[in-house]
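Remarks on the structure that follows.
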Amino acid sequence: MPHFIYDKSIIELLALYLLQKEDLYAYNIMKKIRKFSGEAIAIQAGSLYPILYKFVDQGIVTDRFETVGKRQRMTRVYYHLTPQGEEYLRHLMEERVFVQSSIDAVLENASKEAPA
Amino acid sequence: MKDELDSYFREIDKKLFTLSKKGRAACLKEHRGNVDAFLKEHPDAAFQDVEAFFGSAEGIAESFLHAERYPQAEKKLHMNSRCTHVLLAVIVAVGLVIALIAAASFVDQWQFRHGYTKESPVLTSAPDHSDEAIAIY
């Protein structure tokens with residue numbers, strides 16, 4: 001059973017990184033996260049939908065609707081990363097590297113410090 | 001599985017009652033599209049697999065409401081069907097009670113006018129001063 005991720009910043013980073021390569025709809029994004037993590041992590045649709053909608057409102061991605069199925073009861077909503085979205089993704093990646101290295105520094109230095 | 005899926009989507013739809021009709025339709029269409037894609041790749045999946053992958057109906061509905069992508073329904077009298085039924089039942093019950101009281105009153109009046117009650121003024125002569133007549137008043 002994969003570990004479900006609810007951290008918004010992680011979901012944003014993963015979704016945008018995947019959208020960098022190709023336009024995807026929500027199920028694709030969820031499936032690829034599971035696949036590329038070896039089923040270690042997963043996100044639920046309820047965590048992803050608000051983030052994707054926020055991205056559309058902010059111009060970070062655009063959406064494209066394709067009606068599927070009989071009686072047109074279903075829609076595939078493909079999300080596409082905009083240039084503004086690429087810029088935001090770059091910012092998220094830099095922030096992630098910075099935070100991760102800072103955490104590593106705290107852990108390393110804290111372990112070296114002699115107890116008071 | 002079809003019944004369970006229908007029930008799942010109905011539950012999401014019910015919980016989205018504060019959204020506009022257009023918004024509800026759009027949310028459901030997108031989610032149906034994603035579930036359909038999952039089922040095409042997992043034709044032997046059970047409903048529990050769908051729910052485990054995407055999340056519960058309640059969680060999905062909350063995410064759509066939280067996303068605030070679609071406007072809320074106009075704030076006019078827009079009750080769900082259960083409230084409508086309860087209100088109708090109350091109105092019918094009150095109407096029946098009023099009708100019963102009116103009918104009882106009409107019957108009472110009719111009896112009074114046609115001499116079926118002691119107090120009926122259908123007397124051809126002046127009331128006597130007997131003890132019985134005095135007892136009535």
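To find a chain, count down the sequence lines: A is the first, B the second, and so on, and within it residues start at 1.
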Applying a strict 4.5 Å limit to non-hydrogen atoms, the region of A/A26 in contact with chain B is both

Looking only at A/M1, A/E66, A/R34, the option with the highest number of non-hydrogen pairs under 4.5 Å against chain B is A/R34

Practice task
Please say whether more than 12 non-hydrogen atoms of neighbouring residues, nucleotides or ligands are located less than 6.0 Å from CZ in A/R64.
Solution key: yes

Cut-off 4.5 Å, heavy atoms of chain B, and the answer for A/L52 is neither

dist B/E58:CD -> B/Y8:OH (nearest 0.5 Å) comes out at 11.5 Å

Given B/A61, B/G55, B/A37, the one with more heavy-atom pairs under 4.5 angstrom with chain A than any other is B/A37

Scanning both residues in full, the closest heavy-atom pair of B/S63 with A/G46 reads CB-O, 3.0 Å

If we ignore hydrogens and angles and just use 3.5 Å, is the side chain of B/H42 paired with the main-chain N or O of B/F38 as donor and acceptor? yes

